[in-house]
Amino acid sequence: MAHTPPTPPTGTETAATASGAAASAAAAQGAAEVTMGAALNRALHDAVAEDPDVLVYGEDVGPLGGVFRVTDGLTSTFGEERCFDSPLAESGIVGTAIGMAMYGLRPVVEMQFDAFAYPAFEQVVSHLAKMRNRTRGAVPLPVVIRVPYGGGIGGVEHHSDSSEAYYTHTPGLRVVTPGTPADAYSMLREAIACDDPVVFLEPKRRYWSRQSVDLPVRTEPMERSVVRRPGSDVTLIAYGPMVETALEAAEQAAAEGRDVEVVDLRQLAPFDDATVAASVRRTGRAVVVHEASVFGGYGAEVAARLTEQCFHYLEAPVLRVGGLDVPYPPPKLEEHHLPGVDRILAAMDRLQWESEWVEGHG
Amino acid sequence: MAHTPPTPPTGTETAATASGAAASAAAAQGAAEVTMGAALNRALHDAVAEDPDVLVYGEDVGPLGGVFRVTDGLTSTFGEERCFDSPLAESGIVGTAIGMAMYGLRPVVEMQFDAFAYPAFEQVVSHLAKMRNRTRGAVPLPVVIRVPYGGGIGGVEHHSDSSEAYYTHTPGLRVVTPGTPADAYSMLREAIACDDPVVFLEPKRRYWSRQSVDLPVRTEPMERSVVRRPGSDVTLIAYGPMVETALEAAEQAAAEGRDVEVVDLRQLAPFDDATVAASVRRTGRAVVVHEASVFGGYGAEVAARLTEQCFHYLEAPVLRVGGLDVPYPPPKLEEHHLPGVDRILAAMDRLQWESEWVEGHG
Amino acid sequence: MRLVDRHGRRREHPSFTAPDHAVLAELHRAMVIGRRFNQQASTLARQGRLAVYPSSMGQEAAQVGGVLALSEQDWLFPSYRDSVAMVTHGVDPVKTLTLFRGDWHSGYNPHHYRCAPQCTPLATNASHAVGLTYAARRKGRDVAALVLMGDGATSEGDAHEAYNFAAVWNTPVVFLVQNNHWAISVPVHRQSIAPTLAHKAVGYGMRGYNVDGNDAAAVHSVVSHALAEARAGGGPAIVEALTYRIDPHTNSDAPQRYRDSAEVEYWAERDPLARLETLLRNEQIVDDGLLGIYERDAERVATAVRDRMAVEDKLDPDSLFTDVYAAIPPALEQQRRELAEELRQV
Amino acid sequence: MRLVDRHGRRREHPSFTAPDHAVLAELHRAMVIGRRFNQQASTLARQGRLAVYPSSMGQEAAQVGGVLALSEQDWLFPSYRDSVAMVTHGVDPVKTLTLFRGDWHSGYNPHHYRCAPQCTPLATNASHAVGLTYAARRKGRDVAALVLMGDGATSEGDAHEAYNFAAVWNTPVVFLVQNNHWAISVPVHRQSIAPTLAHKAVGYGMRGYNVDGNDAAAVHSVVSHALAEARAGGGPAIVEALTYRIDPHTNSDAPQRYRDSAEVEYWAERDPLARLETLLRNEQIVDDGLLGIYERDAERVATAVRDRMAVEDKLDPDSLFTDVYAAIPPALEQQRRELAEELRQV
Ligand SMILES: Cc1ncc(C[n+]2csc(CCOP(=O)(O)OP(=O)(O)O)c2C)c(N)n1
Ligand SMILES: Cc1ncc(C[n+]2csc(CCOP(=O)(O)OP(=O)(O)O)c2C)c(N)n1
Ligand SMILES: [Mg+2]
Ligand SMILES: [Mg+2]
């Protein structure tokens, strides 16, 4: 019953190391096993090294290296000037990043946990997302806001929110989230190089997920969704922390004779319709999965637009699997909230494979 | 081209009177024409008069009576104790309201305009929505946050946001919005009496809409959606400012021989599935309309859940009509952003009335 | 702190001296233009040519005094109330009004004028100024910034965070708080019970100054001093300029609901233009001729604004789509096509 | 402000006197229990019986001194770091740990203990205290509140807004800032360059006090004074208690990355328990016998916590649904049924 997270849960922070300075070194010697945390760390190192305008700041990102160690080694390698701790105030952090970007820097700021980005909500929605448009393109804001997000690490209240729906509904922001270490590296580099503001959601429970990959690596452009696993019976749409879960579910379904295609959305907004719609037109069935509460969640947008675009290809409604419509539970109950393989398989089972029940249609 | 709002637009505030102390008097003499602003004003008067624990505060709600005059006359009638101006800080306003509610008061606070509620986002999401659950019911928070929302009044930037999607995705909050003066009165009374925190979205462009109604009035319970206009061909789902627009569209469609049912959602979260699903099962077609940007908007939830619940009754995908996926435009361009009758009619036309094009299905 | 009293007489101060004659004349000229601009814009609002106008009538000294203290390379971070400051700073007066006209959210290229977009969400641009000056220093440029904010705005959490970041990072920012006694209908004594708003500086380890905001010479002198200190590494500062909003909050406000006309009269007697004019005349720094020229300059600005505002700009709905992102994403491109289609059908 | 120096000697102060013997003894007893509780909880965290524990080792005087100054009817608004304060305030020690155990977000009925839920989002409960005391006054009850916050938390906009609301509304709240020198890995000199955090009070027209936070007598004396003033209508206050977090931020922190062990040693020599014990012994307020009883009381608390924590509470997943709203809405009721079904199938 008691949930065992990959590392000690972080009540009021400072979790175990997700990266470690060793990552860069290891990666240098050919395809090594790299964790997502290490890949992100390497991306920051490389971005700071390559572009003098890139700087990293926030709460505890300096000597500590971040509570997940994603910024590990930046201060010691590049100095205080390039990576440092700011006063503890998220609105101030985003506000100053906006000002820096107005003058040509490319700040990468960290919100320590998802719920602690909320104090900056006004800056994000009313300025960060709107400045370029407000000034007819004269003031782009190349700011990256890194947000470790989602649950599954046994964190106490406020440490496990999935806040993507708040950001994806805000025009002017790019919202991206990697599902693999390679994407973590590549997408973070791209986000930092991007002239739009990017909310970079890091699936914190996957900081310790490993992949064999040579860094630096460039994967598909972040605005493209990718098919992570081809399949013909049903399209399973996931992103961030759920990519791994979706792939597991697909494996298990395969064992039961169902051929599941898994699409990893990667950039949640703006949306890449082409990839996922093509998949659904092929399979005729779709399930979208995320950790966030289902009601008003990002999955609603995916389901609604796929239905608009693929209605006559659909054998069944696009189903959503997600968190319950309750506040994020305490550690010992989070397993009941988070969608797992079983819930995904159950949803796929509900996709009206026997189409005897078709009353009222046509 | 230049948009003429019902009153002088409020750049940086203080719009013309939406209510007026006269409202209460007028209503007392039998079914009078009442504006939505006056109905809200009367609801506040009656609530304050009836329950000594109710109090109203915020920015400019005192002697000025609010920039839309919705709190007009409260301070002069009931004294400073019951309606007063606080320091200018939205997070502090919501935070203190939480504290008051913890000790048995029923505060009704005003966020002057939608975008100016964002500074309070953390208090709303991380405390207001969660306190009852956090304390296993020991600390309910009967707080009402009144938010004049939406556009169409020629307001400059930050004065016309539709922020419902941010709140409806947050479990623990009730989110309601009236579409008529009678509902405005009744739902505000209900919201104030409710033991759950309520985000009460007031469609500011409808403050001046009139209805002949005797106040006080009790309409259907706020958690019920209502059919505002029966029809058999298609269900048009609207709320808040779009109810009037939807009814207009239905009238116009009727002239063209299409029988449109209009459902007014009223309480956006938690959702009343029964009413709207029953309507869609009857009509087989649905369009949901709101002012907010379509992407990740509340309409996505409505479309997704209706599709889940009524898939085999649907002749066409549930379509969404809403604002563009851009930051809210300046006054002179807002007409292009806001969904109007034409855009609704066009969407209804796309609902595959000739069902010759049905390839790939069944 | 006051250098010129309301009768136009000089006052001695132990640490501040009034600007020289040329600057005094320039302050007056800018106020004359600013006053005229306020009147013209209010008229345009009454005529419905502006959607809204928040006049700074009565606050011209605070705005002009602050802005003229800036150096060539410095940035201004104005709020909605600060058109006069912007015009003084060199922003095209018509572009200052773009926001209020409802044509676009901001009418100018901020880099061109070293002037951030006018800020509506209170206190939120203060941290932008901190970030911008931080970035400039990193790039080796000597750039300071002047943030304009109201008394009401100081209650917001964002003000606090910006003050603190500026102090801790030692960025050259001066926060000029125009305490005009009202935040719409809320009097300043409901915002704060501190002795002055300048006292807030203490909590950040900053310097705080309280100055007669209707004394352009004093404002100029204090802000110049604060800017000089700040750029020398002495840290940011809060300057509270005590002034008064003579006009309604905006043209659609109803001030009779919340304040006495006697209060307005009291402050009208302390008019910033009158007192500086008296001093300038008494000391023969300006004469009728020069004052006439100022008036004509002001009239020219007003006329140009009026004329240019008489022409409705053709606004292209397509501009809704072009600058949301660096490149228009495919889904938005589709909405763009759909709107173009809609418009063709009309 | 200090009344007992680190060697346990009394210090005179012009305006504050040390609490009487009974209170001094009680302060010590509470610290002994608090210290033991900190140790026990840290052990439980190491054993994996708690998901996390933020220890306040070294800060016992600040917490105990503050809480024991409260009257019967007053409320406490603690943060995650304030278990010792809560236990001293009377909250069941095991319920104090519910949050950290991961069983539920809060383990107790706030009304029962006049103690708000432990607050994690920094500085956000400060305004709750302002609202609560405001409401109590309206209801004719003499209720004051003590808000506990850290040095880091003072940088948040929410701290500013709460301070200001309290001052303007004149609500009886004392904001006790435990300046333990660190906000996780960030030293206080990166949070603020003000001479002290108590200086922040000036900007709100409040009283500010700086006190040796490792001197329980001084903390008690200052907080008592501030509470008395506040309830008499003299306004709220900020009390900064200078102390030090001896343990890591939480059990999963790595303090060697950001601070010197020499610093920890420096502060260990200023231990709050040792100094009060010396004074109590020297002045024969307590003897070995009484100290032994304190130790046994502390041990009894620790044992009870250990024993009760050894039993895994049976948590009912159904509780996820029951208190989200006053009544379970139909759509949520359906999710509830679905989860029950899922669990039946397992
Ligand atoms: C965050 C935020 N909350 C509320 C408002 C609405 N509002 C606009 S102006 C104003 C009063 C501002 O007063 P002050 O800061 O003194 O500036 P002044 O208007 O007097 O120049 C208010 C409440 C806003 N613009 N932003
Ligand atoms: C709004 C918010 N931002 C960030 C955090 C993450 N966080 C938790 S504790 C902490 C440091 C707090 O330091 P301080 O206020 O000094 O309290 P202490 O932990 O020293 O008792 C941080 C950054 C948080 N809990 N809330
Ligand atoms: Mg003002
Ligand atoms: Mg601390």
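Lettering of chains follows the sequences in order, A, B, ..., and the numbering in each one begins at 1.
Annotation: side chain of D:Tyr108 is not in contact with side chain of B:Thr135 (no heavy-atom distance under 4.5 Å). In this structure the side chain of D:Pro117 reaches within 4.5 angstrom of the side chain of B:Met131, judged on heavy atoms. B:Tyr103 has its side chain within reach of D:Arg141: a pair of non-hydrogen atoms, C-beta onward, lies under 4.5 Å apart. Residues B:Leu55 and D:Arg138 have side chains in contact (heavy-atom distance under 4.5 Å, counting atoms from C-beta outward). You'll find the side chain of D:Pro121 stays beyond 4.5 Å of the side chain of B:Gln123, heavy atoms only. Contact annotation: the side chain of D:Val324 never approaches that of B:Arg132 to less than 4.5 Å [non-hydrogen atoms, C-beta and beyond]. Residues B:His127 and D:Cys119 are in side-chain contact: their nearest non-hydrogen atoms beyond the backbone lie under 4.5 Å apart. Using a 4.5 Å heavy-atom cutoff, the side chains of B:Leu105 and D:Lys139 are in contact.
Heavy-atom pairs under 4.5 Å with chain D peak, among B:Ala89, B:Ala138, B:Pro119, at B:Ala89. Residue with the most contacts toward chain D among B:Gly137, B:Cys194, B:Ser91: B:Ser91 (heavy-atom pairs, distance under 4.5 Å). Heavy-atom pairs under 4.5 Å with chain B peak, among D:Leu332, D:Asp158, D:Thr171, D:Asn125, at D:Asp158. By number of non-hydrogen pairs under 4.5 angstrom with chain D, the leading residue of B:Ala101, B:Ala97, B:Gly104, B:Ala129 is B:Gly104.
Contact of B:Glu90 with chain D is made through the backbone alone, with heavy-atom distances under 4.5 Å. When heavy atoms are compared at a cutoff of 4.5 Å, D:Asn109 approaches chain B by way of both its backbone and its side chain. For D:Leu99, no part sits under 4.5 Å from any heavy atom of chain B, backbone or side chain. Only the backbone of B:Pro52 has a heavy atom closer than 4.5 Å to any heavy atom of chain D. Interface residue B:Arg174: backbone and side-chain heavy atoms are both found under 4.5 Å from chain D. Contacts of B:Pro140 with chain D are absent, with no heavy-atom separation under 4.5 Å from either backbone or side chain. Proximity to chain B (any heavy atom under 4.5 Å) is restricted, for D:Val168, to the side chain, taken from C-beta onward.
Salt-bridge annotation for D:Asp323 and B:Arg134: absent, with no side-chain N of the basic residue lying under 4.0 Å from a carboxylate O of the acidic one.
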- request: Please assess D:Ser106 against B:Arg136 for the test side chain to side chain contact (heavy atoms under 4.5 Å, CB included), listing each intermediate value before the final yes or no.
  value: CA-CA 8 Å; D:Ser106 172; B:Arg136 294 188 187 279; over 6 Å; no

**Prompt:** Can you list the steps and then say if D:Tyr325 with B:Asp195 is a side chain to side chain contact (heavy atoms under 4.5 Å, CB included)?
**Reply:** CA-CA 8 Å; D:Tyr325 296 96; B:Asp195 280 342; over 6 Å; no

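A pairwise comparison of heavy atoms in B:Asn133 and D:Ser319 identifies OD1-O, 4.5 Å as the closest pair. The two residues D:Trp169 and B:Ser86 have their closest heavy-atom pair at CZ2-CB, 3.9 Å. Nearest heavy-atom pair, D:Ala326 versus B:Asp196, reported as atom, atom and distance to 0.1 Å: N-OD1, 2.8 Å.
Residues of residues 144-154 of chain D lying under 4.5 angstrom from chain B, judged on non-hydrogen atoms, do not exist here. Residues of residues 127-137 of chain D having a heavy atom under 4.5 Å from any heavy atom of chain B, listed by number: D:Ser127, D:His128, D:Val130, D:Gly131, D:Leu132, D:Tyr134, D:Ala135, D:Ala136.
In this structure, a donor-acceptor pair under 3.5 Å is absent between the side chains of B:Asp273 and D:Gln334.
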